Amino acid sequence: MKRRFMLVLCFMLVASLFTAGSNDGVEAKQKQKKKANVKPGVEVLIEDHLDWLEGKRVGLITNPTGVDRELNSTIDLLYEHPDVNLTALFGAEHGIRGDQEAGEYVESYIDEETGLPVYSLYGSTWKPTEEMLEEVDVLLFDIQDIGSNVYTYIYTLGFAMEAAGEMDKEVIVLDRPNPIGGERVEGPLRSEDAVSFMGRFLLPVRHGMTPGELATMWNHEYSMGVNLKVAKMKGWKRDMHFEDTGLPWVQPSPNIPTQESAYLYAGTELVDDTTLSTGLGTTKPFEQVGAPWIDAEALAEEMKSRDLAGVNFRPAYYTPMFGKYQGERVAGVQVHIEDPSAINLVALGLHLVDAMRDQNPEEFDMTESYTNLIGSTEVPGMILENQPVSEIMQSWEDEQQRWVKKVRNNYLLYGPYPKGAKPYKGLPVLGIFPLDLSAAPGEPVDLTVKGYTKNGERMQISEEAVSWEVEGISGHVEEGTFTAEEDGTGTLYATYEELTAERQAVISTPALENIRYGVHPSYSRIVLDLNKTTTNYELERETDRLLIKIPYGAIQGELDPDGGTIQVSNSPVISEIDYFRQDGDIVVALHVDETVEYETPAFSSRIVLDLQH
């Protein structure tokens, strides 16, 4: 009896353990299912807002991250939907299939799967052209961002908004999470003197916003006048990191393979543009950093001693397969995430730079591009002067907090909201065109004011209904035309009913300062360096010449003010470049093959022509 009792007892114990294990498994699945509650904007659009696309031709800006919760591609979801007329695709950096390397020139082509044209917004132009949007009424944006101000996808959205405002197209953002959360804002607010691809969109290093929130803010703060809608996510909260969303992870670009690299990027990217390595060319980019001359063990101990919240460090050694220090043994540390919500990413990046520089100051250096990376003209000098990280961070604190409270917090679409902030509920928007108001003294510029109600209805604005005010410069607006009298920088204000839009005006004589060229495998690039951004130049084609005419201009800098000729070597499509002044204009004549095709990518303070081979 005793033995039988023991057998029964053992059976019951095993059964209870099995049941407990089963319950644990069920509870784990329930917890996992409970966590998977964020619905991305593409699903919200299809379920709730298809009326936004009714009767309209749709262009889609996307890449491999554009998927629903079941990993169905946004391209396929829209292309196969009977109520959606998808007519064009647009690719940002890395292309719509994500197979292009960072910074690589992306071509336009026909998509094999759908037969639709794919237009590149990271090649010859960053902004959709009139030709690209000819068969498009509404532009959709569906790309996963990673929360850093030097990750290019959000600026592709900004340039698309510029084109949409100019050409009266609509924009719909299919919103996605900020994978590093929506609460923390870190780093200096980008200076206007530290701009490259970012254009007019000035953000701190870590902005803590979603693409939909950024688009909403830009539309109002830069008076863009865009008919903008956001397909808001359901279930996302500001205190979530990507692992909290339950959404599938798709690497947003070739060098962001994991959630960890995406999370650390906004911090460890600050190691770039120096003689230090960010781990590119390894399986752990932005998770491990170093240089061939670093003592890894000493660096790990130093970083541990700095008591940075949320992270830990271990010595690491790696040999990059490409990029900086390719084939060399690099020593450094791997950053391990312990508490994502506690990490100050900008502090992490600056402390890594500071500690590695201190090991061997003679080996440490930074490029001029570091200004664009950090977004400040002052910080690079402070780093080189070995100023404490705490003092560097204090240098931008006041300006950053003013921007957070007076600007950013007005456009948040998701809670929990910061103290004193309220959810954005939709406001009418007014825009002034051109978006870049740059002219020479005496040069007339025609102005247009456009607006949309909070419901997306176009305002019927007559020229007589707009009142203008010019501040900071000598000039006037008459019958919708602005004319400045002297050099200077100021602001134009347009008021319509109770709405006011503003546009900065830069008045100065455009000066051609240098002419450069570069011959690449598929194209020859001609660069005209100017003293300011100029968009009102003319481009004329003759049999064997391309003429660029810049009105009201002067020749200075490295060029002969009386004109001259530059010989071009090694190019199959251009032989020489003449430059001279004619009737008050600057004229640059490119002697080219009569069949050559060309593109004009947009850059600040320069005119660029890519002559195709």
Side-chain angles (χ1 to χ4, degrees), residues 147-150 180 184-196 198 202-208 264-279 286 288-313 324 330-335 342-405:
S148 163
N149 76 341
V150 292
I180 60 177
R184 301 185 71 115
V185 177
E186 298 166 4
L189 183 65
R190 181 170 295 281
S191 164
E192 292 183 359
D193 297 323
V195 169
S196 55
M198 298 81 181
L202 308 179
L203 295 171
V205 175
R206 183 179 184 179
H207 50 74
L264 292 171
Y265 177 88
T268 54
E269 170 68 1
L270 298 180
V271 171
D272 203 12
D273 288 324
T274 70
T275 47
L276 306 172
S277 162
T278 59
F286 304 106
Q288 50 191 9
V289 298
W293 37 270
I294 289 295
D295 182 331
E297 281 71 19
L299 179 62
E301 288 303 313
E302 172 63 24
M303 292 306 298
K304 286 173 182 285
S305 73
R306 298 192 178 206
D307 293 326
L308 299 179
V311 290
N312 205 346
F313 305 89
K324 189 185 295 182
V330 175
V333 293
Q334 181 176 352
V335 183
I343 307 173
N344 185 317
L345 290 168
V346 171
L348 168 65
L350 291 178
H351 274 287
L352 285 166
V353 171
D354 184 69
M356 287 189 279
R357 179 208 57 218
D358 284 352
Q359 275 203 12
N360 195 334
E362 293 182 358
E363 293 284 356
F364 178 82
D365 199 5
M366 62 174 54
T367 70
E368 293 181 359
S369 298
Y370 200 87
T371 295
N372 292 335
L373 179 66
I374 190 67
S376 166
T377 57
E378 298 176 358
V379 169
M382 298 175 78
I383 293 174
L384 292 173
E385 293 167 6
N386 198 21
Q387 294 193 28
V389 172
S390 59
E391 292 183 11
I392 295 175
M393 295 180 64
Q394 287 173 2
S395 70
W396 64 65
E397 187 65 26
D398 290 344
E399 182 185 25
Q400 180 216 83
Q401 284 305 301
R402 280 195 299 271
W403 177 81
V404 168
K405 294 175 182 178

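Note that the coordinates shown come from a computational prediction; the quantities given were computed from them, not determined experimentally.
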Non-hydrogen side-chain atoms of Asn344 and Leu348 separated by less than 4.5 Å: no

Contact between Phe364 and Asp358 at the side-chain level, heavy atoms closer than 4.5 Å - yes or no? no

Are the side chains of Ile383 and Tyr370 in contact, using a 4.5 Å heavy-atom criterion? yes

Output a table of donor-acceptor pairs, distance under 3.5 Å, between side-chain atoms of residues 293-302 and any protein atom two or more places apart or on a different chain; print 'none' if there are none.
| unit_1 | atom_1 | unit_2 | atom_2 | d |
| --- | --- | --- | --- | --- |
| Asp295 | OD1 | Glu297 | N | 3.3 |
| Asp295 | OD1 | Ala298 | N | 3.1 |
| Glu297 | OE1 | Tyr317 | OH | 2.7 |
| Glu297 | OE2 | Tyr317 | OH | 2.9 |
| Glu302 | OE2 | Arg306 | NE | 2.8 |
| Glu302 | OE2 | Arg306 | NH2 | 3.1 |

Does some side-chain heavy atom of Thr274 sit less than 4.5 Å from a side-chain heavy atom of Asp365? no

On a heavy-atom basis, the closest approach of Val330 and Ala291 is CG1-N, 3.3 Å

Please give me the minimum heavy-atom distance between Leu373 and Leu270, naming the atom from each residue. CD2-CA, 3.9 Å

Determine whether Asp354 and Asn386 make a side-chain contact, defined as any pair of heavy atoms from C-beta on separated by less than 4.5 Å. yes

side-chain hydrogen bond (donor to acceptor under 3.5 Å, both in side chains) partners of Arg184, counting only residues at least two apart: Glu186

Nearest-0.5 Å distance that lies between atom CE in Met303 and atom CG in Leu308: 5.0 Å

Return the set of residues passing ring pair (Phe, Tyr, Trp, His ring centres under 6.0 Å) with Phe313 (not counting sequence neighbours), or none when no residue passes. none

If you look only at distance, which donor and acceptor atoms sit under 3.5 Å apart when one is on a side chain in residues 390-398 and the other is two or more places apart or in another chain?
| unit_1 | atom_1 | unit_2 | atom_2 | d |
| --- | --- | --- | --- | --- |
| Ser395 | OG | Ile392 | O | 2.5 |

Checking the side chain of Glu399 only, and the main-chain atoms of Pro188 only, is there a donor and an acceptor separated by less than 3.5 Å? no

Would you please name every residue forming a side-chain hydrogen bond (donor to acceptor under 3.5 Å, both in side chains) with Glu368, sequence neighbours left out? none

Taking all atoms of both residues into account, what is the closest heavy-atom pair of Ile180 and Ala266, and its distance? CD1-CB, 4.2 Å

Residues Val185 and Gln400: closest non-hydrogen pair is O-NE2, 3.4 Å

So, taking the atom named CG in Leu276 and the one named OG1 in Thr268, what distance separates them when rounded to the nearest 0.5 Å? 12.0 Å

Heavy-atom nearest pair, Pro380 first then Ser376, reads CD-O, 3.3 Å

When rounded to the nearest 0.5 Å, the distance separating CE of Met366 from CG of Asp272 is 11.0 Å

Going by the rule side-chain hydrogen bond (donor to acceptor under 3.5 Å, both in side chains), which residues pair with Asp193 if we only count those two or more places apart in sequence or in a different chain? none

Rounded to the nearest 0.5 Å, what separates atom OG in Ser277 from atom CD in Gln288? 8.0 Å

Gap separating the NE2 atom of His207 from the OG atom of Ser148, nearest 0.5 angstrom: 7.0 Å

Does atom CD (Gln359) have a neighbourhood of more than 12 heavy atoms from anything else shown, all under 6.0 Å? yes

Could you walk me through whether Leu203 and Trp403 pass side-chain contact (heavy atoms from CB on, under 4.5 Å), step by step? CA-CA 9 Å; Leu203 295 171; Trp403 177 81; 4.0 Å; yes

Can Asn149 and Arg206 be said to form a side-chain contact (heavy atoms from CB on, under 4.5 Å), step by step? CA-CA 6 Å; Asn149 76 341; Arg206 183 179 184 179; over 6 Å; no

Kindly say whether Thr367 contributes a backbone atom to a donor-acceptor pair with the side chain of Asp273 at under 3.5 angstrom? no

Within this structure, what is the OG1-CZ distance for the pair Thr278 and Phe286, rounded to the nearest 0.5 Å? 4.5 Å

Measuring only between side-chain heavy atoms, which start at C-beta, is Val289 closer than 4.5 Å to Val333? yes

Say whether, by atom type as modelled, one donor and one acceptor occur between the side chain of Arg190 and the main chain of Asn372 under 3.5 angstrom. yes

